[in-house]
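Predicted model, so just to flag it, every value in this text is computed and none were measured. First the proteins, then the strands, lettered A, B, ... as listed; each starts at 1.
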There are 2 protein chains.
Amino acid sequence: MFVRTAGQTARPHTLGDIGMTSGSNAVVSLNEFTYKQGTEIYGEKEPADYVYQVKKGAVRSYKLLSDGRRQIAAFHLVGDIFGFANGELHRFTTEAVVETTVRLIKRRSLDLMADSDAVVTRNLLSMTANNLHHAEDHMLLLGRKTSLEKVAAFLIEMDRRLTAASVMTLPMPRRDVADYLGLTLETVSRVLSQMRRAGVLDFISKSQREIVIINRQRLATFDLQG
Amino acid sequence: MFVRTAGQTARPHTLGDIGMTSGSNAVVSLNEFTYKQGTEIYGEKEPADYVYQVKKGAVRSYKLLSDGRRQIAAFHLVGDIFGFANGELHRFTTEAVVETTVRLIKRRSLDLMADSDAVVTRNLLSMTANNLHHAEDHMLLLGRKTSLEKVAAFLIEMDRRLTAASVMTLPMPRRDVADYLGLTLETVSRVLSQMRRAGVLDFISKSQREIVIINRQRLATFDLQG
DNA sequence: CGGGGGCTTGAGGCCACTCAACGATAGTGG
DNA sequence: CCACTATCGTTGAGTGGCCTCAAGCCCCCG
């Protein structure tokens, strides 16, 4: 690897990783906070004073155009760290998709740690690179994939990241899925129905957020690979 | 800033920056190489043995779907550094848009320098973060902007980056612009003609790659901001 | 002067969007 | 417990923006 950070691609980072894998004795205070469904965690262009790790729930991270069009760049699920963009200001608005608990760390503490501890900087580099890779893949999806391919890619991504059982419970509504994929919510709904009719998916009654993938192999064929 | 790298946002990085701003005495050999128009510099999933800086010309960096659809993620112009993705393999294919001269640095050398010199790692973090910011903005463009907004944003970006005189000479053909913006070349051509008819642009006869922006202010209104 | 690549322009089509109606679900308060 | 409401999701009809297919022009170059 470019900067050696052995094992880091094998398991997720944690805030503990950032600060505690080195020999440093610095102890970082880790506060927790819970956001109700739909509330903003921070806004675009606000000072970036904290870094966050999702303990419970899910977070959406997006940009808006002045007329309200929205592009969600990422969903942050349990374990994910977000808000550590390299700069003084946040580049996205983030909101709790459902009731969400996060751990906070003061960015200033991280700055100081990074100054004295190269491991911290390397972990930040590794995490930033992971974000970049996701963004690069998402550009291909947004620019060149059809609605069927987009939705299939989304389901495959969520199936991988939501380590849940046979039933996948999406935390986000159709509108969020649409704004993540560059579609409308109606199109997302239509494609999901189409997949259900094709016998690839099934919905659990009572909640259309609960989805069963009946045929992963077939689903994968819907999303053209590089 | 998150990791202090004073002054680095004010001017572009150079390969010299990576290796020579610290106290390290390591001397990195900087080789040059010239690629003919259209030739591949490296392919996706190839081992990433070198990092590159454009000395002359322009480079496109893209991903392909198996049926040939292409998404260009970035154009690398004079001064830009590319190919330093954090991992063993390149994530894009890169090609010379026109005849292009690059400086090369062995990645292994950078790895070693990064191990012994925190400044190197921080510069890599800073550059990776800049790439991420560009990708984030581009996701909004690809997912939510109209063809008019996309082309306007492209012209504004190129006007800023190609520091040239009143006449902007685009190094890339219409097809590359289209694959950068998630459009077809015909749509790009139509939008450019529309802007010319609107008195915002003019083309220089003899070469449609040479474009004069007559009204920057008006052009800016075509691209909706966040 | 002929050939080829790049660009423009037109005609028609299709995929995703818009607008709209309806159903289902969950939360609220009487 | 049942309206009542708001939110979310599905589905249909019709539209439109961008794509596809095609022709023709311009410039470069042999």
Review point. Does B:R91 come within less than 4.0 Å of B:E44, counting only side-chain N to carboxylate O?
Key: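 No salt bridge links B:R91 with B:E44.
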Write down the distance between [atom1] ([X]) and [atom2] ([N]), rounded to a whole number of angstrom.
{"X": "B:L181", "N": "D:dC18", "atom1": "CG", "atom2": "P", "answer": "12 Å"}
{"X": "B:R175", "N": "C:dG5", "atom1": "CZ", "atom2": "P", "answer": "13 Å"}
{"X": "B:L148", "N": "D:dC18", "atom1": "CG", "atom2": "P", "answer": "9 Å"}
{"X": "B:Q37", "N": "C:dG4", "atom1": "CD", "atom2": "C1'", "answer": "14 Å"}
{"X": "B:L170", "N": "C:dC7", "atom1": "CG", "atom2": "P", "answer": "10 Å"}
{"X": "B:Q208", "N": "D:dG24", "atom1": "CD", "atom2": "P", "answer": "18 Å"}
{"X": "A:E186", "N": "C:dC15", "atom1": "CD", "atom2": "P", "answer": "18 Å"}
{"X": "B:Q194", "N": "D:dC18", "atom1": "CD", "atom2": "C1'", "answer": "13 Å"}

Exercise for review: Could you grab the distance from atom CD1 of B:I81 to atom OH of B:Y52, nearest 0.5 Å is fine?
Suggested key: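 B:I81 CD1 to B:Y52 OH: 13.5 Å, rounded to 0.5 Å.
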State whether [X] places a side-chain N or O below 4.0 Å from either non-bridging phosphate oxygen (OP1 or OP2) of [N].
{"X": "B:R174", "N": "C:dT8", "answer": "yes"}
{"X": "A:S193", "N": "D:dT11", "answer": "yes"}
{"X": "B:S189", "N": "C:dC7", "answer": "no"}
{"X": "B:T184", "N": "D:dC19", "answer": "yes"}
{"X": "B:R196", "N": "C:dT9", "answer": "yes"}
{"X": "A:R209", "N": "D:dG9", "answer": "yes"}

Review point. On DNA chain D, nearest-nucleotide positions of A:M172 versus A:R144: which is more 5'?
Key: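 The residue whose closest nucleotide sits nearer the 5' end is A:M172.
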Practice item. Run through B:K150, B:R60, B:E157 and flag the one making a side-chain hydrogen bond (donor to acceptor under 3.5 Å, both in side chains) with B:Y180. Key: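 Result for side-chain hydrogen bond (donor to acceptor under 3.5 Å, both in side chains) with B:Y180: B:E157.
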Check your understanding: Base, sugar-phosphate, or nothing for A:L185, non-hydrogen atoms under 4.0 angstrom?
Key ->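 Base, at least one base heavy atom under 4.0 Å.
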Exercise for review: Describe the nucleic acid contact of B:G38 in one word from base, sugar-phosphate, nothing, applying a heavy-atom distance below 4.0 Å.
Suggested key: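 No contact.
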Check your understanding: What nucleotide, of C:dC17, D:dT10, D:dC8, holds the atom closest to the side chain of A:P173?
Key ->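 Within the option list, the nearest is D:dC8.
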Point to revise | B:F203 side chain, from C-beta outward: closest of D:dC18, C:dT8, D:dG12 | key: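 Nucleotide nearest to B:F203's side chain: C:dT8.
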Review point. Which is it for A:R216 and A:D159 under the salt bridge (Lys or Arg N to Asp or Glu O under 4.0 Å) test, yes or no, and what are the steps along the way?
Key: CA-CA 9 Å; A:R216 279 186 175 69; A:D159 184 43; 2.7 Å; yes
**Study point:** Output field: ring centroids B:F33/B:Y35 closer than 6.0 Å
**Key:**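 Under 6.0 Å, so yes.
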